[in-house]
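Data block below; observations after.
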Amino acid sequence: MKIVVLVKEVPDTYGDRKLALETGLADRTGDRVLDEICERALEAAITLGEKAGDTEVVVVSMAGEAAQATVRKGLAMGAASAVQIVDDKLVGADVSLTAQVLAAAVKRIGFDLVVAGNQSTDGSGGVVPAMVAELLDVPQLTALNTLEVDGGTVSGERAIDGGTARVSAALPAVVSITERMPDPRLPSFKGIMAAKKKPFETLSLADLDVDADAAAQPWSIMVAVAEKPPRAAGVKITDSGDAGEQLAKFLVDNRLA
Ligand SMILES: Cc1cc2nc3c(=O)[nH]c(=O)nc-3n(C[C@H](O)[C@H](O)[C@H](O)COP(=O)(O)OP(=O)(O)OC[C@H]3O[C@@H](n4cnc5c(N)ncnc54)[C@H](O)[C@@H]3O)c2cc1C
């Protein structure tokens, strides 16, 4: 079985995350890490492979060149190989272009199962896995809290209002997983050393035959971005018997009522 895991580099969630005011894009100059939800997706894929045997796990990322060290962590955790799509034309790519690029890469690699996070911690679009499934013309199981493969079927549980639904689909398929999946393993020293020798392929848009020309894409483009205003001090109401009136006036004056 061949499992492709979609992994994304994100600004460290413990750091101060903000938008670059000149570009409107996430400021990626600070500490960056492999998104934790992607580490969980990779953990799920490796665990499936360990149970099923004869499984190859490939990590795929669309990211700037500087993300190579982050993607390599996926190899240290246990993936057999990595593919990174790097191209200047992808700076500021939105979800639709990202999905096109990832789907083209997955098609080129070949797959039985694609595992992704349900939502990244920076863009938080939560739609890339569904778009990739649509472009690959395969079924998708969304927001899984458990994941199993039995023969040619992938299945798992997802939370629904007041309960749990069990869902399944025939392979090949795309699944997205949630934070309820088990914690990711830490790369061992042996894993880190082995990662240096594992295959790491870098592809461009031309390799994937994807046209990133804005005119050819339904791109969403940020038209304006501004610094968040500093928090103003709150208004203190002292009760001299008319606190209710003061409160009502405050709500009306601030158009909150
Ligand atoms: C150089 C460069 C700069 C970029 N700058 C920004 C930026 O500043 N802000 C921004 O939001 N986007 C940026 N992107 C695009 C980025 O790839 C986003 O990931 C994309 O728009 C998806 O949005 P999302 O994170 O909301 O997706 P979601 O739908 O929330 O992601 C769900 C899951 O899809 C998979 N996935 C999503 N994106 C990728 C990816 N790139 N590679 C592999 N798997 C992925 C992961 O498994 C993820 O958990 C940039 C891309 C490049 C190449």
Side-chain angles (χ1 to χ4, degrees), residues 3-13 17-30 32-45 57-68 70-74 79 82-106 108-109 111 113-136 140-144 147 174-181 184 201-205 208 210 212 214 217-222 225:
I3 307 179
V4 177
V5 184
L6 304 180
V7 298
K8 181 179 182 186
E9 185 190 68
V10 296
D12 193 344
T13 33
R17 290 180 294 159
K18 48 186 202 168
L19 294 178
L21 294 182
E22 315 77 54
T23 59
L25 301 175
D27 183 352
R28 288 165 192 270
T29 52
R32 299 178 310 271
V33 295
L34 199 57
D35 201 351
E36 202 211 310
I37 193 72
C38 298
E39 290 190 358
R40 280 182 203 273
L42 181 53
E43 176 64 37
V57 177
V58 184
V59 283
V60 173
S61 190
M62 184 190 110
E65 203 169 1
Q68 203 191 104
T70 306
V71 179
R72 218 168 257 285
K73 185 177 177 191
V83 175
Q84 185 178 348
I85 306 102
V86 181
D87 200 301
D88 287 346
K89 287 193 177 164
L90 289 172
V91 175
D94 69 352
V95 286
S96 55
L97 179 58
T98 301
Q100 277 194 52
V101 170
L102 293 174
V106 169
R108 179 182 157 122
I109 294 162
F111 70 103
L113 180 65
V114 177
V115 187
N118 62 335
Q119 189 174 59
S120 71
T121 52
D122 61 346
S124 308
V127 291
V128 167
M131 291 171 123
V132 169
E134 177 70 19
L135 291 165
L136 293 172
Q140 189 208 2
L141 304 181
T142 59
L144 295 184
L147 178 64
V174 174
V175 301
S176 64
I177 59 95
T178 73
E179 286 176 353
R180 293 213 185 158
M181 291 293 286
E201 191 178 15
T202 305
L203 300 176
S204 67
L205 282 173
L208 296 175
V210 173
Q217 301 290 332
W219 272 42
S220 55
I221 293 164
M222 183 97 65
V225 59

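Note that these values count all heavy atoms, side chains included, but never hydrogens, waters or copies made by symmetry. Both counts, for ligands and for their atoms, begin at 1 and track the order of listing.
Judged purely by atom type and a 3.5 angstrom limit, Gln84 has no side-chain atom pairing as donor or acceptor with the backbone of Thr202.
Every residue meeting the side-chain hydrogen bond (donor to acceptor under 3.5 Å, both in side chains) condition with Ser204, not counting sequence neighbours, appears here in chain and number order: Asp207. Applying the side-chain contact (heavy atoms from CB on, under 4.5 Å) criterion to Ala44, with sequence neighbours excluded, gives Leu147, Met181. Residues meeting the side-chain hydrogen bond (donor to acceptor under 3.5 Å, both in side chains) test with Arg108, sequence neighbours left out: Glu201.
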What's the verdict on side-chain contact (heavy atoms from CB on, under 4.5 Å) for Lys8 and Val128, showing C-alpha distance, side-chain angles and the deciding distance? CA-CA 11 Å; Lys8 181 179 182 186; Val128 167; over 6 Å; no
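Checked by atom type, the side-chain pair Ser120/Asp35 shows no donor-acceptor distance below 3.5 Å.
Pocket lining of ligand 1, defined as residues with a non-hydrogen atom under 4.0 Å away: Leu6, Val7, Lys8, Leu25, Ala26, Arg28, Ile37, Cys38, Val60, Ser61, Met62, Ala63, Gly64, Leu90, Val91, Gly92, Ala93, Asp94, Val95, Thr98, Leu102, Ala116, Gly117, Gln119, Ser120, Asp122, Gly123, Ser124, Gly125, Gly126, Val127, Val128, Pro129.
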